Amino acid sequence: MSQELRTNGIVQDEPLLWEKGRKGRDGYSMPLRDVEKASIDESLLGDGPDFPDLSEVDVVRHYTRLSQWNFGVDTGMYPLGSCTMKYNPKINEKLSSYIGLTRSHPLLPAHLSQGTLRLLYELESYLCEITGMDAVSLQPAAGAHGELAGMLIFHAYHKSKGKKRNKILIPDTAHGTNPASASLCGFQAVVVKSSEKGILSHETVAELMDEDTAGIMVTNPNTLGLFEKNIRKIADIVHEKGGLVYADGANMNAVMGIVQMGKIGVDVMHLNLHKTFSTPHGGGGPGAGPVCVKKELEKFLPVPRIRKVKDAYALVENIPESIGKLHTFYGNFSVLVRAYCYILSMGPEGLKAVSQHAVLNANYIKEKLKDHFHIPYDRPCMHECVFTDKFQEKHHVSTLDIAKRMIDYGIHPPTIYFPLVVHGAMMIEPPETESKEEIDRLIAVLKIIAKEAEDNPEIVRNAPQFARMRRLDEVTAARKPVLIG
Ligand SMILES: *Cc1c(COP(=O)(O)O)cnc(C)c1O
């Protein structure tokens, strides 16, 4: 086989359309003119835009080949940690694209949008039940946006009590968006160190909590994949000093149907519908991060709110203490439809089974790999498990090398070097949608890589070998991005 013609399976190099174009090719056939040709002053036309001449098949192959460079959850497992990259059932895509839903214009008056409003109203009530909270706003468009709403609610609450509080406690295992959202609202983030068990101790919180502190923001389960089991005691300490408890519920995939955050002292939380509740995510697509609150805080939720009066649904705008509007209309509607369909198709038992399987999968991986990769916190985990490169260090093989080598075996690398509290972290989240065979394949690949690191570390250090691109210069890519071809 000639070296030049060789391709790596379907991984093909694809030139720019400008390089592919050949003068005189076209990809359309227009009907013949049925009117006389009119004369036109050619000098007015200029040279026109610099578009390449391409046939239909040139264009179709170009874009299809580009699409094959992508790795997605429809191609294979995507074991990122802290992100829940699970497979989303296609039925929810289909239902959310029904014409009655996609064409329902948000400016229609409420009496002509009863179906839409009912769907949103019911979704709010399902989310209340899942979280154990009393009221929900579906408006925030992402997890971080839900956090922002939550922090604005904290602020509004303390203001209504006549006291300005400017600090907020945030554990070192929190998701990075937490301190960012808090400081966007003017709060100063105070770091709470986790114990050697990887979770918060109530004593540490008690030392830091005072009457200038608005409350605490806890990611639960935390980014080590561990459940903050002292949360109840911590909530009591924070409440006693007049503070509020925020739970980042983006990791709800681990606890649905098992823990109701509202029952363990949480006052405000957000969910990531685009992680747990069946909206594909990644690449900055639309999301939804509903913010859920306890009764006392309902009056601060963003407007409009959906109310049910007798059998009709209405939008209420005039709520004086509300933090205001966070999104046009009532949020990213089609994401909300997917979540609604997902919850109804799973039912309460199904949602609980999701969490049980996600947790089982993570613990299975942890147990199977613990002799091959170092585990910083060896306790039963929730939906994700964290390894490090400590065993591989002596062969000069790092977490980055291991992640790159996984690409050679056709597996998307996990989240690496996060959480920050773990040196050389590799964080794996195998959601419930992965079968035992897929998970066993991941385990087998990682065992092979661990062995390669001992016997043939060069191979791991030089990975990926089989990908279209080898190692990119990530620093230059981040500092001097080339955004045009
Ligand atoms: C993903 C995630 C967020 C942020 O959600 P976005 O939708 O990306 O803004 C916040 N907290 C945790 C724990 C997450 O996993």
Side-chain angles (χ1 to χ4, degrees), residues 7-21 49-52 54 58-59 61-85 140-145 147-148 174-181 183-184 223 250 272 274-275 279-287 289 332 335 389 398-420 422-429 460-485:
T7 66
N8 218 337
I10 57 164
V11 183
Q12 299 173 357
D13 271 326
E14 181 63 12
L16 297 175
L17 285 177
W18 278 264
E19 291 160 10
K20 282 184 82 159
D50 171 30
F51 287 149
L54 295 153
D58 285 339
V59 176
R61 290 210 177 131
H62 179 74
Y63 286 108
T64 307
R65 283 173 186 165
L66 291 190
S67 77
Q68 287 168 339
W69 293 358
N70 280 338
F71 188 93
V73 79
D74 287 353
T75 324
M77 186 175 184
Y78 213 116
L80 287 190
S82 192
C83 230
T84 314
M85 299 296 283
H145 203 197
E147 292 168 21
L148 178 69
H175 191 268
T177 48
N178 292 188
S181 304
S183 68
L184 205 59
T223 60
N272 274 36
H274 50 291
K275 287 182 181 168
T279 286
H281 76 291
N332 281 334
V335 177
D389 55 2
S398 68
T399 286
L400 182 69
D401 300 327
I402 296 164
K404 295 289 184 195
R405 186 63 176 153
M406 287 171 77
I407 297 173
D408 282 336
Y409 289 96
I411 295 187
H412 193 285
T415 298
I416 55 172
Y417 300 110
F418 183 84
L420 302 174
V422 175
H423 179 77
M426 263 181 287
M427 192 189 194
I428 298 184
E429 179 179 357
V460 187
R461 263 180 251 138
N462 289 319
Q465 312 265 348
F466 306 132
R468 210 179 62 81
M469 304 293 260
R470 303 292 295 275
R471 290 218 189 172
L472 302 174
D473 179 349
E474 287 164 14
V475 176
T476 309
R479 294 279 154 79
K480 295 189 188 141
V482 180
L483 299 176
I484 48 171

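Source: prediction; values computed, not measured.
When all heavy atoms of Ile407 and Pro413 are compared, the closest pair comes out as CG1-CG, 3.8 Å. In this structure, Glu147 and Ser181 approach most closely via the heavy-atom pair OE1-OG, 2.7 Å. The minimum heavy-atom distance between Ile416 and Ala403, with the atom names listed, is CG2-CB, 4.0 Å. Among all heavy-atom pairs drawn from Leu17 and Pro52, the shortest one is O-CB, 3.5 Å. Here the shortest heavy-atom pairing between Thr177 and Ala144 reads CG2-CB, 4.0 Å. Closest approach of Arg471 and Pro464 over heavy atoms only: CG-CD, 4.1 Å.
His281 contributes a side-chain N or O that, together with a main-chain N or O of Cys83, makes up a donor-acceptor pair within less than 3.5 Å. Thr415 places a side-chain N or O within 3.5 Å of a backbone atom of Gly81 that can act as its donor or acceptor partner. Remark: the backbone N or O of Gly424 is paired with a side-chain donor or acceptor of Thr399 at under 3.5 angstrom. A donor-acceptor contact shorter than 3.5 Å links the side chain of Ser67 to the backbone of Thr64. Without hydrogens or angle criteria, Asp473 side chain to Thr476 main chain gives a donor-acceptor distance under 3.5 Å.
Atom-to-atom distance recorded for His175:NE2 and Asn272:CG is 8.0 Å, nearest 0.5 angstrom. Taken from CG in Leu80 to CE in Met77, the straight-line distance is 10.5 Å, to the nearest 0.5 Å. Atom CE of Met426 sits about 8.5 Å away from atom OH of Tyr417, to the nearest 0.5 Å. Atom NZ of Lys404 is separated from atom CG of Leu400 by 5.5 Å, given to the nearest 0.5 angstrom. Taken to the nearest 0.5 Å, the CD atom of Glu474 stands 12.5 Å off from the CZ atom of Arg479.
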Please evaluate residues Glu14 and Lys20 with respect to the criterion salt bridge (Lys or Arg N to Asp or Glu O under 4.0 Å), reporting the C-alpha separation (whole Å), side-chain torsions for both, the decisive distance (0.1 Å), and the verdict.
CA-CA 9 Å; Glu14 181 63 12; Lys20 282 184 82 159; 2.8 Å; yes
Does the pair Glu429 and Thr84 meet the rule for a side-chain hydrogen bond (donor to acceptor under 3.5 Å, both in side chains), with working shown?
CA-CA 7 Å; Glu429 179 179 357; Thr84 314; 2.7 Å; yes
Evaluation steps, side-chain contact (heavy atoms from CB on, under 4.5 Å), between Thr223 and Met427:
CA-CA 9 Å; Thr223 60; Met427 192 189 194; 4.3 Å; yes
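In this pair, Tyr78 and Phe71 present their aromatic rings tilted. The plane angle is within the 30 to 60° band.
The residues Asp408 and Arg405 are annotated as salt-bridged, a charged nitrogen and a carboxylate oxygen being separated by less than 4.0 angstrom.
Atom CZ of Arg470 is surrounded by more than 12 heavy atoms from other residues, nucleotides or ligands within 6.0 Å.
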